[in-house]
Amino acid sequence: MNADATKTKRPRMSEMFETQLDFLAPAVKTARPTRGRALTRLATLLMLLGLVVVVAGQTVVAAPMDEIGAGTLLFRSDNGDVQAPRLETRVDIAVSGMIARVDVRQRFNNPGTEHVEGIYVFPLPDDAAVDSLKLHIGDRVVIGEIKEKAEARKTYAKARESGQRASLVEQQRPNMFTTAVANIAPGEAVEVEIAYLQTLKYLQGTFSIRFPMTVAPRYEPETTSVYAATDVSLVCCESGFAADQIPLAFHPMEESANEAEINVRIDAGFPLARIESLYHSMDMLQAGKVHLLTTATGKVPMNRDFELVWQPALGSAPQAAVFSETWDGEDYALIMFMPSDTGALALNMPREIVYVIDTSGSMAGTSIEQATDALRFAVDRLSPQDRFNIIRFSTHARKLFSSALAADDAHKQKAQRFIDGLNVDGGTNIAEALDLALDEQADMRATADGFLRQVVFVTDGSVGNEQQLFTQISEQLGNSRLFTVGIGSAPNAWFMRKGAEFGRGTYTHIGGDHMIEERMDSLLARLEQPVLRDIEIEGPAGASLSPERIGDLYADEPIVVRAKLQSNTGQFKLRGRRASLPWQKNLSLTTENDNPGVAALWGRSRIEALIDSLTAGADPLQVRGEVVQLALKHHLVSRYTSLVAVDYTPNRAPGTQLNSKLVAANAPHGSTMTGYPAGATPSALLLLFGLLTLLLSAAGAATGRQP
């Protein structure tokens, strides 16, 4: 395919705003003559630009819609003076075994004197299986239905135009969703309840779960590179809400307006040695084997991800766990297997390690401090038999050494001086950094010299071109392995996890200074101790497994597989290579318990595998068809399906023209970035925008009245 054919044209701002307004505005419009239309559209653009102001201590910058933090809300009304309310959020997390059911309730009040429409954007875990939407209006509860995206939009638009309350949930990215709520009455409170399922993380004897509460601004290259996947435009731009540049407001750094109440119930099924909330203070109550946790201060600012970890009591950690569910007449299973009898292998072959560090503007603040501390720790740990290099990148990337050099004292000292001189600026051009890190010639030299090549990529992942980067990693990886280290209070976990998956490595998150040594030590120890490579899984006859391929396995790391079965009995056969020797282990599938959610998690995993196949050149139409079929069957939000809820009782007279208002998001904790990148706009220029808006609006109206 011609490289140019895969590039996505970056739309002009006027085109993007027109798309935004055309979808969100009611269908009943007053016809305008052609000459007036162009001026009116320009006036609309200037009015939207006029929102980019500093009001009541808020910093406002231009940034993509999908960069807006958790619970950011746009309010639309007849009157430009309508206040947009601050968000109230309640999060209830219920853990049972390896599965978590998370319920997110977000409440909005309309303080104005007219009906409004709200549009807000929020992050969720990138592996969440979103399967439930409820719209609460007083004592009324409206249950959402899953539909193909286009059909769901039509249903929502029809309800909005008819004056009915309605809500629409769409996926922008696997970790970013938009929700619209139509026809909120004056003084009325509306709650949108979204629920999802998630598989717990388990590594080195510790379980964990993360709930994202904000997101950093993202870097979007001016042009999509030749590495773009065939369907890349659908990732960021298919949603009707995805205006590429929209005014985005952040509260001042010292203020965190949006708050959340978090409640957790853990029924692990075995005794626990410890439970720890890594970044938020929690109160805990134990009732038998069940642990109940609540935020100690009642509510916490939504400016950093919530992460909870717990560790089984000595001797009670599972070596194998099977969870099954019979749903809609079919059997499903979630299998976690710890191949403990393999033993960690001392690495006989030397390693070539390339450390890549992000020094872009989004890393300003505590992120760059954590990243450089992590890098110093990693360099100190290098063995004399290793060789290494460091790549720093922002808008451009450069290497410390022209090629990897021996990890002797002199080279390590030079590396430490290089690290000390790092500072932040520019954009997050990960593609250029990957070009240097996954260099084909360097990979071939390392293989010929008998070195195992490992790339450790330290970044917050604040990019908007994830799909093209996945394609680049897949095409350029060679014999290397890519390990991602997410830095900061709100990294782009989808990019970090999937980047490592395409790179046949693992993802590690460092969200606070106190985690640097522990998590880097854990990662580096695992890199020195590969357990299994070339892993294959054979399920019982007729089983459909996800994922179909497992990456390399390191010490104290489990194999997690989701399966659709012909029956709930049988045997899984796991094969791999331990050093140069073959290895095999069998696991019997026997369980008497029914675990709700296993079927939906299999569906979510299978959908992800289908989307991943686009990177390898799968037919987009065939993939779309299979994804839609799975998503509709399992009631899941996906790239091609959405949840829509309609209260068919009319609540507003149709035909009202609406304007947009913004609720400020909380900037990520420790970050000094409130946009990416954006220059300051002088107040005089903003005043000029306002005057031009009035003049052009008047001119458009006058032209529109001419025959």
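In this chain, numbering begins with 1 at the start of the sequence shown. In what follows, every heavy atom counts, from backbone to side chain, and hydrogens, waters and symmetry copies are set aside.
- The side-chain heavy atoms of L133 and V192, taken from C-beta on, include a pair separated by under 4.5 Å.
- Atom CD of Q286 has more than 12 neighbouring heavy atoms from other residues, nucleotides or ligands inside a 6.0 Å radius.
- Considering I275, T206, L203 in turn, T206 is the only one that fulfils the side chain to side chain contact (heavy atoms under 4.5 Å, CB included) rule with V309.
- Between Q164 and K158 there is no side-chain heavy-atom pair separated by less than 4.5 Å.
- With S208 contributing its side chain and L308 its backbone, the two residues share no donor-acceptor pair below 3.5 Å.
- Classification of R90 and D92 as a salt-bridged pair holds, one side-chain N sitting under 4.0 Å from a carboxylate O.
- Ring geometry, F207 versus Y202: the interplanar angle falls from 30° to 60°, so the pair is classed tilted.
- With rounding to the nearest 0.5 Å, the separation of OG in S167 from CD1 in I184 is 9.0 Å.
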- Message: Apply side chain to side chain contact (heavy atoms under 4.5 Å, CB included) to residues Y332 and N595 and explain how you reach the verdict.
- Response: CA-CA 10 Å; Y332 298 85; N595 298 267; over 6 Å; no
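- Here the OH atom belonging to Y196 is positioned 5.5 Å from the CG atom belonging to L124, to the nearest 0.5 angstrom.
- E307 places no side-chain N or O within 3.5 Å of a backbone atom of L278 that could act as its donor or acceptor partner.
- Taking CG from L135 and CZ from R140, the interatomic distance works out to 9.5 Å, rounded to the nearest 0.5 Å.
- With respect to the salt-bridge test (charged N to carboxylate O, under 4.0 angstrom), the residues R210 and D127 do not qualify.
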- Criterion side chain to side chain contact (heavy atoms under 4.5 Å, CB included) on K201 and H509, from CA distance to verdict: CA-CA 12 Å; K201 301 294 187 294; H509 175 219; over 6 Å; no
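- Side chains of L636 and L630 form no contact here, defined as non-hydrogen atoms less than 4.5 Å apart.
- Here the side chain of N183 pairs no donor or acceptor atom with the backbone of N651 at under 3.5 angstrom.
- Distance CG/D647 to CD1/I137: 4.5 Å, rounded to 0.5 Å.
- Residues E193 and V141 have side chains not in contact (no heavy-atom distance under 4.5 Å, counting atoms from C-beta outward).
- Side chain of S638 to main chain of Y640: a donor-acceptor pair is present (N/O by atom type, distance under 3.5 Å, no hydrogens or angles).
- Rounded to the nearest 0.5 Å, atoms CE (M213) and CD1 (I262) are 4.0 Å apart.
- Note that NZ of K147 is 11.0 Å distant from NZ of K154, once rounded to the nearest 0.5 Å.
- Taking all atoms of both residues into account, the shortest heavy-atom contact from L545 to G539 is CD1-N, 3.8 Å.
- With H291 contributing its side chain and M284 its backbone, the two residues share no donor-acceptor pair below 3.5 Å.
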- Item | Intermediate values then yes/no, side chain to side chain contact (heavy atoms under 4.5 Å, CB included), T89 and F122 | CA-CA 11 Å; T89 298; F122 58 99; over 6 Å; no
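- Side-chain contact between S642 and Y156 is absent, with no heavy atoms from C-beta onward closer than 4.5 Å.
- Looking only at distances, a side-chain donor or acceptor of H635 sits under 3.5 Å from a matching main-chain atom of D131.
- Other residues, nucleotides and ligands place no more than 12 heavy atoms under 6.0 Å from the NZ atom of K134.
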- Message: For a side chain to side chain contact (heavy atoms under 4.5 Å, CB included) check, start with the C-alpha distance between F177 and I194, then their side-chain angles and the critical distance, and finish with the verdict.
- Response: CA-CA 11 Å; F177 295 77; I194 297 167; over 6 Å; no
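- Closest approach of L643 and I146 over heavy atoms only: CD2-N, 3.8 Å.
- Under 4.0 Å is where a charged nitrogen must lie from a carboxylate oxygen, and between E191 and R107 at least one such pair does.
- Using a distance-only test at 3.5 Å, with no hydrogens or angles considered, a donor-acceptor pair links the side chain of E325 to the main chain of G597.
- Using a 4.5 Å heavy-atom cutoff, the side chains of I93 and F306 are in contact.
- Inter-residue side-chain proximity for P620 and L614 is flagged as met; some heavy-atom pair is nearer than 4.5 Å.
- Closest of all the heavy-atom pairs between P301 and H280 is O-NE2, 4.5 Å.
- Residues P558 and M336 approach most closely at CB-CG, 3.8 Å, considering heavy atoms.
- In terms of heavy-atom proximity, K149 sits nearest to Q171 at NZ-O, 3.5 Å.
- A donor-acceptor distance shorter than 3.5 angstrom exists from the side chain of T484 to the backbone of M496, with no hydrogens or angles considered.
- Contact between E117 and A182 at its shortest, heavy atoms only, is CG-CA, 4.0 Å.
- Between Y279 and D305, every side-chain heavy-atom pair lies at or beyond the 4.5 Å cut-off.
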Which atom pairs, one a donor and one an acceptor, fall under 3.5 Å between side chains of residues 601-611 and the rest of the protein, sequence neighbours left out?
unit_1 : atom_1 : unit_2 : atom_2 : d
W602   : NE1    : S544   : O      : 3.3
R604   : NE     : A128   : O      : 3.0
R604   : NH1    : E608   : OE1    : 3.2
R604   : NH2    : D126   : O      : 2.4
S605   : OG     : S546   : OG     : 2.5
E608   : OE1    : R497   : NH2    : 3.3
E608   : OE2    : R497   : NH1    : 3.1
E608   : OE2    : R497   : NH2    : 3.2
E608   : OE2    : K498   : NZ     : 2.8

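- A donor and an acceptor atom, one from each side chain of Q467 and T615, are located under 3.5 Å apart.
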